[in-house]
Amino acid sequence: MRNAIFFDLDGTLTDSGPGIMNSALPALEHFGIPVANRDQLRVFVGPPLRQTFARFGVPEAGIEEAIRIFRARYIPIGKFENTPYPSIADLLARLQAEGFSLYVATSKPQVTAIEVLEHFQLAHHFTLICGADPAVGRETKADVIAHLLAQIGDPGRAVMVGDTDYDVLGAKDHGIPTIGVTWGYGEAAAMQAAGAVALADTPEALHTYLQAFTALPAGSPSTFLERSPHYGKQ
């Protein structure tokens with residue numbers, strides 16, 4: 001049986017937070033929305049911009065303008081204020097060599113996701129890179145995964161890897177379990193509450209979980225939980 005891994009991008013493969021937060025700030029300032037602590041902007045990493053600007057109080061009528069201001073900085077500058085996480089390139093190469101089929105499923109616009117992965121010389125590890133396209137109504141993680149599945153057909157045994165509960169819930173909509181990673185921008189407790197089958201603190205731990213996942217009988221991903229260092233912690 002094939003073993004497919006669907007990777008999130010922001011906060012999972014690369015630390016894109018600086019560029020995203022630097023680009024969100026002027027959009028919020030435009031609407032007079034104060035940001036007392038820069039850490040508040042961490043929630044912009046991962047979810048669709050539309051959702052997060054609404055969460056910050058941008059009125060519905062102004063969300064498109066907020067996204068335009070964000071992208072005016074992010075597209076030429078912010079997308080490259082970004083760094084691959086340590087050991088990620090080695091992990092991807094190792095998984096490829098072991099026969100896994102690797103894909104990207106990100107809420108970032110697809111064109112930008114491809115540019116970022118090519119810039120950091122990671123794109124060649126992936127069979128397909130899928131991202132958002134609001135023009136056709138593809139915005140959420142569940143939407144992106146649906147599009148990815150439509151492109152590749154039956155993925156065999158599949159698992160999502162991401163850093164937020166949005167990843168967990170989006171994959172769950174398609175019956176796909178998620179292994180959460182704790183080096184990104186989400187919260188371990190939120191991923192666990194959403195149903196992550198394990199939480200990995202390092203790429204090496206993630207590799208161990210992915211290897212164990214392939215050895216599990218079909219339909220039994222919950223047995224991961226007892227081996228996750230975060231299980232039962234709040």
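Using a cutoff of 4.0 Å between basic side-chain nitrogens and carboxylate oxygens, R94 and E98 are scored as salt-bridged.
Formation of a donor-acceptor pair under 3.5 Å by the R138 side chain with backbone atoms of G131 is found in this model. At distances below 3.5 Å, not a single donor-acceptor pair connects side-chain atoms of S87 with backbone N or O atoms of D90. Using modelled atom types, no side-chain atom of W183 and backbone atom of Y85 make a donor-acceptor pair closer than 3.5 Å. In this structure, the side chain of Q96 engages the main chain of H125 through a donor-acceptor pair within 3.5 Å. Judged by distance alone, with hydrogens and angles left aside, the side-chain atoms of T112 form no donor-acceptor pair with the main-chain N or O of K108 at under 3.5 Å. K172 contributes no side-chain N or O that, together with a main-chain N or O of V168, makes up a donor-acceptor pair within less than 3.5 Å. Using a distance-only test at 3.5 Å, with no hydrogens or angles considered, no donor-acceptor pair links the side chain of E118 to the main chain of E115. Panel note: side chain H174, backbone A142; a donor-acceptor pair is recorded below 3.5 Å.
Within the 4.5 Å cutoff, the side chain of N22 has heavy atoms near those of the R73 side chain.
When all heavy atoms of S23 and G78 are compared, the pair lying nearest together is OG-CA, 4.1 Å.
Note on L117 and I88: same hydrophobic cluster, where clusters join Ile, Leu, Val, Met, Phe, Trp and Tyr whose side-chain heavy atoms are under 4.5 Å apart, directly or indirectly.
Classified by interplanar angle (parallel below 30°, tilted 30° to 60°, perpendicular above 60°), the ring pair F6/Y103 is perpendicular.
When each of D201, D163, T202 is paired with T182, the side chain to side chain donor-acceptor pair (under 3.5 Å) condition holds for D201 and for no other. Exactly one of T106, D167, D173, T178 qualifies for a side chain to side chain donor-acceptor pair (under 3.5 Å) with K141. That residue is D167.
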Applying side-chain hydrogen bond (donor to acceptor under 3.5 Å, both in side chains) to D8 and Y166, what does each step give before you reach the verdict?
CA-CA 10 Å; D8 174 48; Y166 292 95; over 6 Å; no

